[in-house]
Each structure stands twice: as structure tokens, then as C-alpha cells.
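This report concerns only the one structure given below.
Source: prediction; values computed, not measured. Naming convention: chains lettered A, B, ... in sequence-line order (proteins, then strands); numbering from 1 in each chain.
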Amino acid sequence: MADSSVGSLSTAELDRFRLEVADFLDNHVPDEVWEGVDKTTSYFPPFSAIMTMHKLLATKGWSVVGWPEEYGGPAWDEDQRHVFWEEYCKRGLPLMVPQSVNMVAPAIMQFGTREQKSKYLPGIISGEHSWCQGYSEPNAGSDLVALQCKAESDGDDYVITGQKIWTTWAFEVDHMFLLVRTSNEGRPQQGITFLLLDSMELPGMEVRPIIGLDGFPEQAEVFFNQVRVPKSQILGEHDKGWSVAKYLLEHERSGGGNGQFILKREIDWLMTLAAEVDDGAGGQLADDAVFKNKVAQLLVDLRCLAASENYLRKIGPHHQEAAQMASMIKLESMDLTQHVAELALEVCGSFALADQYDALKMGSTARPIGPASMLTVMAKYLNHRACSIYGGSHQVQREILSKMELMK
Amino acid sequence: MADSSVGSLSTAELDRFRLEVADFLDNHVPDEVWEGVDKTTSYFPPFSAIMTMHKLLATKGWSVVGWPEEYGGPAWDEDQRHVFWEEYCKRGLPLMVPQSVNMVAPAIMQFGTREQKSKYLPGIISGEHSWCQGYSEPNAGSDLVALQCKAESDGDDYVITGQKIWTTWAFEVDHMFLLVRTSNEGRPQQGITFLLLDSMELPGMEVRPIIGLDGFPEQAEVFFNQVRVPKSQILGEHDKGWSVAKYLLEHERSGGGNGQFILKREIDWLMTLAAEVDDGAGGQLADDAVFKNKVAQLLVDLRCLAASENYLRKIGPHHQEAAQMASMIKLESMDLTQHVAELALEVCGSFALADQYDALKMGSTARPIGPASMLTVMAKYLNHRACSIYGGSHQVQREILSKMELMK
Amino acid sequence: MMTHTVNTLSPEVRDMLVDSVQKFVDSEYDFESRRSLAASKLGYSEKHWQLFAELGWLAIPFSEDLGGLDGDFSDMADVAECFGRGLVLEPFFSTLVQSANVLKQSHNEALKTKLIPKIIAGELILALAWEEAGSGSNPLSVSSVASRVEDSYLLSGEKVVVLAGPQAQGFIVSAKLEGEDQLGLFYLPEDTLGVTLENYRLVDGSQAATLSFDQVRIGAANVVSLNAKTTLESSFRSAIFLLCAEALGAMEKLLRTTADYTKTRKQFGAPIASFQVLRHLIADMSVILKKTRCLLDHCTGQLRETGDIDEMDVAALKVQTGRAAQFIGRQAIQIHGGIGMTDELDVGHYVKRLTVIDGLLGNGRFHLQKITSAL
Amino acid sequence: MMTHTVNTLSPEVRDMLVDSVQKFVDSEYDFESRRSLAASKLGYSEKHWQLFAELGWLAIPFSEDLGGLDGDFSDMADVAECFGRGLVLEPFFSTLVQSANVLKQSHNEALKTKLIPKIIAGELILALAWEEAGSGSNPLSVSSVASRVEDSYLLSGEKVVVLAGPQAQGFIVSAKLEGEDQLGLFYLPEDTLGVTLENYRLVDGSQAATLSFDQVRIGAANVVSLNAKTTLESSFRSAIFLLCAEALGAMEKLLRTTADYTKTRKQFGAPIASFQVLRHLIADMSVILKKTRCLLDHCTGQLRETGDIDEMDVAALKVQTGRAAQFIGRQAIQIHGGIGMTDELDVGHYVKRLTVIDGLLGNGRFHLQKITSAL
């Protein structure tokens, strides 16, 4: 979506820009957000921290930096975006809700009517509205086209009955986009419609949070019992939701390429942890040759990831290699995320075993059990097991990648 | 096959027995065999070294230690056999040709006529005769029942036409057992017959050695063009060779449990290698923490392997868990073999890159290129890649193991 | 390794005991009951504990003259395994394994006569406080100090990750004897003045505490040992052994659950067991479980024959159990997919218990380092 | 990292060159021709070498005033990759990469004027002798000694794994300058008195030698550098870079061969590509290849922009290439099964070349240690 006119700023201008971003992030981000940074234990930081940060960025016009200028994105080139994300992610700051900013918004830009664009995009930019994604169902996970949640036509309305699951933040947000079955004819991809809901509290809707391994809810089940939605809420065309979903999937490929910055920070954190642990022989684990060798291996992977993300950024999301690169980056960045979390657990040993639920709650003043730096170790270890499951499991990615390789 | 009356010797008697074995092996094994030990680069030592050793052991009545006494095995209990193999393998001495001693012989004992037993078993005991196994074919490897090599009935003879492949030492031995297709009716397992050949030079037979990655042949292709074999050479019954093959497979499970001793020796060798390599920072690799940590991991695996082999020995080959244990031990011992070879290569770096073909030839006086201790490093690395292919590939073993687990 | 005459239960008695444990787990420890027990303040059931006493489980390792069954820790491996299968929460490990082991080796007969019958009767839950923030998982690396003052000792220090700390009615605490190159073990009843507890839960729902003590006076009657290095080391070994046995039970159950799931869960119109990649993962889980079990059995045999386990075997067992626990735990979640990440399903709870076991008594890293150092 | 003005070929010239290399490999380097070349005494084809000269490949890195194309080592990445795809045996790497690099940095203009035009004309094959038995893969760890005697130097020492040693018509040898903390590089024509060669083959069919020299006198005219540390390090970096580029080509070809094989080879009545486990192996091979390529491209970019590559990037590239080479090599054999273990098929020959590349110029262990030391 973003034009990829690379290198239009001079080095000096870019350095100035970097300073401006750094200055803002260092001096204007409120404590609540930093608390969220410290309490981030999964791909998603605490919701309230994200939205606070989103609204703050909106005041600078920086909340949707990947968007085209005509829709409200800043007039930045590719280098500026890269610098912005580097400065942003190296501080561990919360990424915007991807379902709002990177998923439904681009789909609305591409398929939305003029009315839909002006109705929905401003709320996303400002952070007034946030969205969740209703794709998965109990029997349609990896096999999405098996979805059953149906929308029956009744005059100017659809009447939705069925269930969605794994809907991230359904209990926090106020909008939802979802795929529903509007026909059982033809191939299963046909007969799917893409709908936009203006509320999570429509009559007949029920949201039940799913408690995760760390004790916190992040996802939810959403039940639909004769939920009425006007047909004007279709995005794209009736029965043609699959092409919207496909566009959205391809769009996601542009991805941001932030994994390298996020993981760099995680590896640095790992070194901090190791500096706090005695090796049982009078030294610190941070100086242990075996530990350092493991970190070195992670750093090799990090360099590969950075090179891969930068390559995808360079070729852009519509290049013939983009799909392969995106799958590969998904696999590699998620593996690396898991490996860092595993090594963190290994480093901390028995210090990481406490249930830190109380201390991890946003706004809680409960002290961490054991060293404060280790607050998130166990929760990250557990939550990051999902890295190889969500967004297309490792098995699904390998299936995709092998198909591409075997078609060559 | 061997009775498993455990512990019938006192500890002192067993210690005396150990000394007797050790004394014999240390003082009576000729140089040619030790040369073979030093030039072993795969599962199989050089053939001539094996047969020399076999004949030597036969003079002591020790060439077929796993056999029942009635067929010529020594009157040892299970502990003695264990001690014998430990002393034998820790010196790296060549194991007897398994196709002769552990495969065709037990099948002859179980299925052979009185004539077959008295015709074949003495030659195997003495080492006068040796055997190869004709199972695999170009299109029947992992999928053995797909075998096509056919034997057509013609009076009192079969006439064999077809091809075998991966026949270990077909160009060295003088006997062959093989599976041939005698009928295409019914299930593919039916219609297979088990035959014994008294020569590798029957009219119409041709043996073509297959050169391996190290430049040496170990296996061969065997071609049959109208090869005539009397029907008296059937082992078992016409069309019922599959049950002989199955018995033989189950019999192999008793396996010996020698992997632990062989691999112990390999890991010791690894440490020797590392003591000869500078770490580039003034020390030896043998003292490098990362290297030692890798060795420690191999030692953990070695303890698991020893425990597993001893457990299988304890429960015996007919126990309900024996099949699972055998598959598992195959996987684990072969993985460990590969990992040791990989680490040896890693340790030696550029010193291991020379083609040592000349120095590895039996009887050759060519000097090794580089340090003599590293003579076999590369050949082992390459040859051991076959560990996860032969005798039921890793994929086949996993298929078997998952079936057993899913049937529980 | 010490060799001594080892008293063990007869196989018949052992089988009977294990049978009763298995029945208990099957009937009392369904997932929902376990979940509410874990959520309760006490964190276990006093009714269960009484049942344990009645069924003789709390008597296994103690000598007959004190009312015990005269068994050994090797006799408790199957019990621990059953507990692992049910994720049993009762503080059996802290009382009957960690504390019982050091008590058994004590020469303070009066103290033993006072405490052991109470343990057997189900009236005393104990915790062993050995670990410290700076000990790097080594039970001999102790900073807490015991200074002799006349017939008593003054104890000061802080112990971390004291298992069952919040539930214990007494603590056995290790401390350096001031001015000597030796460690002591001291018994602290729960109401001892100067002792403070910070209670918390571990992620597996079990309880633990940080135990602080400042100038706490312990009389001679409560001295467990003044020569405790060997005791601490050998009890560390058998505790690791039984922790690994428990892990085996949990892994066995988790593999079973996961294999069963692949037969019923459908994706792309077929049971997921029809996908070769998942089948081979199941095979790998099965292999790693089995090899770990063989190593455990090897250790059980040693313990039964000689009363102790070779230090390197124990280290290897802990390393291998940790590896297996991680592999099986991770693959169980992976194969279950999203549902495996929820609090609602038992899978995650098994994974959490296995993760805790891996982290206790020195994790894989620590024990691999031990093997490395011996090279 | 140094920054200087980097002369590189124009993209058009580079593409033209690569195109000609690819055509050469396609037409001259079928597996059977390659096999007989490797088996020949010379181990490569002089006819090919002349063709290389005619097509300008031997002129790439040299300056225009000496008849070169004024390109840089970054311009040779695609050439190396094509050579990797064909397992090309000609001693390009030793002459045009290792030796050319140190020659280019020499200030001995007379020597350069003498040697470089010969290289370009295809009349001179060189070998760089840097490695020693005790150097632990570090090019700065040198035991060979050069002692100054009037205007000359007396060289003594032994070099191992001298690539293309048996084929070279001249050697560039590193040695410690006696009494100084500096290294020198010296040119030894092949007929130099006191130099002995022990020739052998590597497992990939290429040739190498052990080079010994005892009190060998080198005149000032043949001094390449008396200040060679930086030169040796930077030439080590670009040599690693190009070796990895070659590996990329070999891996690409091996993956292609293996993927194609899964589509034609049948087992259990179906192409083995229908087995999910093999498909996912192919996917993993494809991923590891691609990530290695991205890292290589990143290095190419750096080299092109700044004339050098960050030390840690080079180390990471060598580590990653080694990993990828091992993984792809092993899986290629595994997927092929028995036939992959034979000398008859090309698969094993690719594996051997990849194994050699992994072992040259410091293997993965060495370079990972380098990254570790920087932490």
C-alpha cells in the first residue's frame, strides 16, 4: 500500500527525523504505557496500553504510519517508516491493534464504499474505534473455508447465527469484521461474505473471554443468535468475501518488518537476565561460555531475520516472491521468539516458576515474586507457544512453502 | 533365541570370565584385524578383517555367542554374553557378518530341514562361508512387499529373473539368501518365497559393486538372468517366504544391545580428537566449554541408549514391548551415531577435508593426510548418513512407532 | 556411592499400594476437582491427606519401629508416577520425599520419634528449605548462617522457592555452621519466633514461600544434623529421582491425551491423525518418553540395589526428563492448536506442571553443566 | 570497517558476465564431464581456463590499467554461485579470490604489474598459503617465520590445506616477521628452491597441498606486503563471502534436484512428494536456503556500498551457510534414500562440496565462537 520510493531523504535529514521520533517517545509517553511495556507477555501488549499509545500517536499524526497519505498516513518515505519502527520497537512500545490498522482498514480502503471509508477510517486513525476479527470457528481453524457461521438474507438485513472463536480482544473492542456463510453452493470459498459490525453488543451477540495459560483472557468466543445486520454492512460483494479475505492476507505480507527490532530487544533482555543469575560456581550466567554460545546462535538467526525482512520490504508485497518470504518470515520470527523465551526460562531456572498473575495485572501494585526483571519470563514462555499456532500454524506454513517449492 | 537365565554366575566368576575374554582379545588378535579396526568408517568394518576375526573366534568357540548351545553357541548365560560384548566392542573389534550369524542362521534353525541345518550352519560357525541378503529392489526399498524379482517353477528348479540392490558385500561373500516372487495372486505378502543360494557365481548371476561416498564399495546390485536353483533350496515353504522374513525381523530385535559399547568408544575417540585441535585462543578444543557441553549431551543420550538396550535385553525379543523398543533403539542409536560423526567433523574443521582413500585401503601403507587420528572422520561423517536410511529408514520407523502409539 | 543394606517393600505390598494410589487418582482427581482444589486457599484437601495416612502411603519410607512400612524411596517411584498422572496437589513431595529423606538420616532419635509418627498419622506437613537466591541450584551453596550460642543455634538467612511452604507445619532449614566448613539442618516448627513467610503460588497451582529468619533461636532438641553435606546431596538425588518419576506420569498422560485427540479432532475433513507430520510427532513424543522411562528404571534398579544413585545418572535423568518434558509439553500444545493454549483444557496444566518440574532442583542447564564439569 | 570509493562493474556488464558463466556451466559442466575432470591428474581443464580468460572472468577484480575490468569482489558473487551450481573445479577461488585479493592490496607495483596481467591472460594460477596446523582457523595466528637477511627474507614453516596447491604456478605465503609484531606476505614462484609440496585431493575432488619451506630466500621483488594483518583479515572476509556465494549455488541446485526427485520417485504406489513429512522437509530446506540467501544479499550490498563487510556479518554468514549446507545436504541424501549414498549420483558430490566449504576458512564452530567472544 505504501509507496516504496526509497531513499528520498538525505542521511542528515533522516538522522534529524530519528532524533525527533526518539525525543517524542522518550519524553511524551505516559507511565501507563510504560507499565504496559513492562507487562507485555505475548504478541499483544495489554489492550489499555495500546489504545493510550494509539491516541497519543494520533495527536502527532503517527498512529497509522503505514497508510497512504490520502487516507491519513504521514508523508513519509520507506526509510522514515523503517526508522520510526526501529525507534518505536526498540523501546518495546505497543504496536497498534493490527486488526484495526493493518487488517480491516486496508480492506476498507480497497473494497469499501465512499460511505464506509468516511464512517470507519477516522475512528481507526484517532483510536476512538477498535476492531476484532471474526474468522476462526471451532471446526474451521487451519481449514478456514470450512466456516459455518451463517448469515441468512431477510429483506434488507442479514440474520447471523453461529459462532466464532479465537477472536482477539472481542471483549475490549467495539467493532468486528467477520466472514459468514451466505451460500452453500459451489466451491466452499464461494458463498462467503465479509461483514462489518458497528458494535459488539448487538441483540443476540454474546462474547465469552477465553482464559489463557497465564490466567489472562486475550481471545474470546463470540456467539451469534439471530443477530440482525443491515446489508449495507457488507464489505465488497455478497458471496464474495473470500476475495476480500485474500486481499487482506496478501496485504498483511507487507508486515512492517518489525520482528528484527522486537527480537533484538528480547535478546538484550535475555542478557540482562543472565547477568542476575549466579552460575553456581561463583560467576554470573552472563559470562558462561555455553550460554553466550546459545545467544550467539540466536544473533545469527536475528541477522537472517533482519536481512529477510529488509528484503521483503525492498521487493514489496506484490512481488512474486512475497508470499514465500512472508511465510518464511512468519516461521522464522516465531521460532526465534519461542527460542528466546525458552532460553530465558532456562536462564532463570527456579526463579521463574512463580505465578505472577497479581503483579502482571495492569494497574496492580503487587510486587513481582522474585527478581523484578523476571516478572514476565514464565508468562512469555507459555504464551509464546501460540506463536507456532496462530496466523497460520507452522504446519500450514510448511504446507504452503512446500507447494511453492514443488511447483518450481 | 538365547535363554535368558540371568545371573547364574557369581560376581567373582563373572570377573574371571571378563579377564579371560580381555586377555584373549588383547593378546591373540592379529594386526590385520587391528588395521581393520583403525580403518572402520561405517557400520561395517572392512570385510577381510571381519572374517579373519571370525575364524579366530571360531577357534575359541566364540564366533556365534548368541546361538543356542545345541547349534554350537557357547554355554554362556546372559551376563556372560553382555560382558563378552562389552569387552569386544570397547576395543572396536569387528562384529561378525550379521547376514550370516544373526539373520540367515536363526532362520535356518527355525525353518530349515535337517539337511539344510547340517549343510549350512557349520560353515557359518567356522567362518568358511558367509552370506548376503537379497531383499531390496530398485522399486522395493522401504516398501518391501512391492518386490518383483521372480522365480518361475520349472520341474525341480526355480528359474530366477530380476534384480536385487543394496546387497551388502555381495561381491565378497559366497552365499546369498533372498526373497523372490513366486506368485502374483492374493495379497502382495503372499506369493513370496525365501531361497538359499550356494554360490554367488551361478550361471546367469551378475554382481556389480556400488561405489559409496567414500569411494569404496560396500553394497552391490545383483542381477539374475534365468538363474536356475533347485527347489530343495527353499527355506520354509513355497509362497510363504514372508513369514520367514517376518520371523527373521523379529529375531533381529534381540539385537545384541551393543550400541552402547560401540558409541561409548566413539565418544571417547571424539575427546581424543579434540585434544589434538587448537581452539585458536591458545588452548585445546578438548577444554572448550561449548565442546564439552555438546559431549555431555551425547553422554546423556548414551545413558538413555544403554538403559534402553538393557531393558530390551531384560524383557527379551518376544515381549509385547519388544517391537517398539527395537524401533526406538534403531532410531536413537543411529541418531547418536550421526551426531558423534557430525561433532567429530566439527572438531576437526579443515583437517578432515582430505580424501583419505589411499590410506583407508586395507593393506595400504599410504600415510594419512594430516593427523592420523583423523583418518576416518570424513568417511564416517559421509557413510553414517546411511544410518537413517538402511534397515528401515527413520521415516519408516516413525510410521511404525506412531501406529503402535495410536493403537493404544 | 554408598552401599548399604537396603530395606525395600516386597513387590506385593508395593503393587497393592500403587493400586490404591491409582484408584484414588482415578476417582478423586478428575480435572474439575483438581482445579477447585488448586484454587482453594489451602491448595490441597485435608480429607485426601487423611486418606493418604489411612492407606499407609505416608508410612512408606519410615522404619517399622516408628510405625513405618520400612520401605525406601525406590518404592515411591510408582506412587509419584500416579501422582504425576493426576497432577496431585497434596504436599507429598515436600513431606514424604524431601523432608522425610533428611529426617531419616538424622541421628537425633528424639526428634525423629517426635516427628515421624505424626507424619505417618497425617498430622504433620513439612517443608525442606534449602534453596537460596544465590545458590545457583546447588544445595551445598548456602549463605544462611547458624551461630552457636551455648546449647542453641541462632539462625539467620533467607530461603526461596520453599515448596509447600504455605502449607507446612514445620520447616527443615539448612545453614552454614559459623566458623566451620560444614552445613547444619535445623527443625523450625511453624510458630517459631522470628520466622516470616511470604506465600505464593507456582504456575502449576502448587504453593511455595520465601522463608526469612533473623536470629532465630533453635535448641539442641531441634537440631536435625550438624554434618549435613552428605545428607543434603543424597536427599537431593532421591528427590530428583522422584520428581522425575512424577514427570513420567504426567508425560505419559499428556501423550495419551494428545494421541487420543488426533484420532477425534478433524481438520480438512479428516482426523488429524491422518496427517503424517502429526503422526511422526506422536512417534517422537513416544520415543522420548520411552527413553526417559528406561533411564528412570535404570535409576530405580540402582536405588533398590545399593540405596543410592550414581551422581551422573541422576544428573542425566534430570537433563533427560527436562528435555522430554519440554518436547512433549510443547508438541502437546502444538498438536491441540488454540485449545491447547486455554486454561479450560487439562493440557496446559500438565504442561505447566512439567515446566515447574523442569525448573526445580536444578534445571537441565544446571545438571548438564554438572556432567560437563566431570569431563 | 573501512569505507572507500568502491569500483564495481555496471549492472549490465555484471549481468553479461554471469550470463556467460551460466551458459558455460550449462554446456560444459554436465555431471559426467565434471567427474572425468576431477579424476584427471590436473584436476581441471586448461581449455576451460583459457575460455575463462577469453570471456574476461579472470579480469573482473583488477584495475583497468593492468587490463582488468575494474570490478570488485561483490561483482563475483553471481559467478561464484554459478560455479557452485556446476561444482566447477577450475582453481578460480584460489587465484581470483584469495590471491587476487591480497595482490590487489599490495603496494609492490612492480610485482603486480608482473603477475596480474598473467592472471588475466589465464597464464598464472596462484594459491594463497595462510593456514597452519596450529592456527585454529585464524589467519593472524602464524608460526611460519620470515627473517630479514640484507634485502631478502628467509622463510621457514609449513602451510596446510593450501587450496589448488598442486595446480598453482606460484604461492603467496604468510609469515611472521621475525622480531616484529607484524605479518608479511611473500610471493614464491613454483620452482623456488627449498619449497616442497605434498599434494592430495579433498573429498570434493578439488586439490590441495601441504607446503613446506625451509630457509627459502625471497628477494625484495617478491615481497607482497610487510604489513599484512589488515590485508589478511579483509581478504579472509571477502573469501568467506564468495565461498558462501558458491555454497548458495550448490544448495540451490541440490534443493532443486531433491524436490524434482520427490515428484518422480514412487514408494508405496505414490510419488514420495505425496508424503507430508517429505514435503515439510522440502519446505524447511527451502526456508533455510532463502534465509541464507537474504543474509548473503545483505553482505553483497554492504560490500558494494562500502568495499568491506562487517566482521560479525561475515561470521554470521559463515555460520549460517554451514548450518544450511549441512541441513540441505543431509536431507537431500535422506530424501533420496540409498541412491543418495552412491558415487554414481550427483547428490553426494554436492554434499561433499558443501561439506568442504563448511570446513574451509573456519567452520561454523570457529565463527560462532567469534560472535560469542564479541558478546
Side-chain angles (χ1 to χ4, degrees), chain B residues 136 138-143 145-146 165-166 210-219 276-283 285 288 290-291 294 338 342-343 345-358 367 369-371 378-379 381-383 385-386 388-390 393-395 398-399, chain D residues 131-138 140-141 160-161 198 200-206 208 210 265-269 272 275 277-278 281 322 326 329-330 333-344 347-349 351-352 355-366 368-370 372-373:
Chain B
S136 291
N139 290 306
S142 290
D143 181 18
V145 295
I165 194 167
W166 312 125
I210 299 171
I211 309 297
L213 295 183
D214 60 352
F216 291 94
E218 198 169 85
Q219 283 125 8
E276 292 197 42
V277 179
D278 291 330
D279 65 1
L285 208 48
D288 178 75
V290 176
F291 167 73
K294 287 177 187 173
Q338 291 183 335
E342 288 157 18
L343 189 50
L345 187 70
E346 183 184 299
V347 162
C348 299
S350 60
F351 298 150
L353 304 180
D355 186 347
Q356 305 276 12
Y357 181 86
D358 292 333
R367 278 196 306 128
I369 300 149
M378 177 59 78
Y381 174 76
L382 293 171
N383 289 338
R385 297 325 306 170
S388 42
I389 297 171
Y390 60 57
S393 73
H394 270 26
Q395 279 86 14
R398 290 204 173 92
E399 209 54 54
Chain D
E131 191 167 13
E132 301 183 359
S135 63
S137 305
N138 181 354
L140 300 191
S141 168
V160 300
V161 201
E198 267 193 284
Y200 59 93
R201 278 168 208 272
L202 301 186
V203 279
D204 62 356
S206 69
T210 305
R265 169 71 175 168
K266 288 185 181 183
Q267 284 267 291
F268 303 99
I272 60 175
F275 295 102
V277 163
L278 299 191
L281 277 183
Q326 290 181 12
R330 292 171 192 168
I333 289 180
Q334 185 68 27
I335 291 172
H336 276 85
I339 192 85
M341 292 294 299
T342 67
D343 183 62
E344 214 173 320
V347 167
H349 296 261
V351 171
K352 289 198 239 183
T355 306
V356 166
I357 289 178
D358 180 32
L360 289 176
L361 307 186
N363 65 5
R365 193 202 63 74
F366 172 81
L368 194 60
Q369 182 54 43
K370 225 170 170 174
T372 305
S373 303

Pick from [options] with the largest number of heavy-atom pairs that fall under 4.5 Å of chain D:
{"options": "B:H394, B:Q356, B:R385, B:E218", "answer": "B:R385"}
{"options": "B:G212, B:G349, B:A146", "answer": "B:G212"}
{"options": "B:A354, B:P371, B:C348", "answer": "B:A354"}

*Looking only at atom types and distance, does a side-chain atom of D:N363 sit under 3.5 Å from a main-chain N or O of B:E346, one as donor and one as acceptor?*
yes

*Toward chain B, the part of D:S137 with a non-hydrogen atom under 4.5 Å*: neither

*Considering only heavy atoms, which portion of D:I272 lies under 4.5 Å from any heavy atom of chain B: side chain, backbone, both, or neither?*
neither

How about [X] and [Y]: do any of their side-chain heavy atoms sit closer than 4.5 Å?
{"X": "D:I333", "Y": "B:I389", "result": "yes"}
{"X": "B:L213", "Y": "D:V351", "result": "no"}
{"X": "B:R398", "Y": "D:V277", "result": "no"}
{"X": "B:M378", "Y": "D:T355", "result": "yes"}
{"X": "D:Y200", "Y": "B:L353", "result": "no"}
{"X": "B:W166", "Y": "D:I339", "result": "yes"}
{"X": "B:Q219", "Y": "D:M341", "result": "no"}

*Residues in ring-ring contact (aromatic ring centres under 6.0 Å, His included) with D:F275, at least two apart?*
none

*Of B:V290, B:L285, B:V277, which is the lone residue that meets side-chain contact (heavy atoms from CB on, under 4.5 Å) with D:R365?*
B:L285

Measuring heavy-atom distances to chain D, does [X] have an atom under 4.5 Å in its side chain, in its backbone, in both, or in neither?
{"X": "B:D358", "result": "neither"}
{"X": "B:I210", "result": "side chain"}
{"X": "B:A386", "result": "both"}
{"X": "B:P217", "result": "neither"}

*Where do D:E131 and B:S350 come nearest, in terms of heavy atoms and distance?*
OE2-OG, 2.6 Å

_To the nearest 0.5 Å, what is the distance between CD on D:E198 and CD1 on B:I369?_
8.5 Å

*Step by step, would you call D:Q326 with B:Y381 a side chain to side chain contact (heavy atoms under 4.5 Å, CB included)?*
CA-CA 11 Å; D:Q326 290 181 12; B:Y381 174 76; 4.3 Å; yes

*What do the steps show when you test D:R265 against B:N139 for side chain to side chain contact (heavy atoms under 4.5 Å, CB included), and what is the final call?*
CA-CA 9 Å; D:R265 169 71 175 168; B:N139 290 306; 3.5 Å; yes

_Determine whether B:Q395 and D:Q334 satisfy the following criterion, side chain to side chain contact (heavy atoms under 4.5 Å, CB included), listing intermediate values before the conclusion._
CA-CA 9 Å; B:Q395 279 86 14; D:Q334 185 68 27; 3.1 Å; yes

*Can D:R330 and B:Q338 be said to form a side chain to side chain contact (heavy atoms under 4.5 Å, CB included), step by step?*
CA-CA 10 Å; D:R330 292 171 192 168; B:Q338 291 183 335; over 6 Å; no

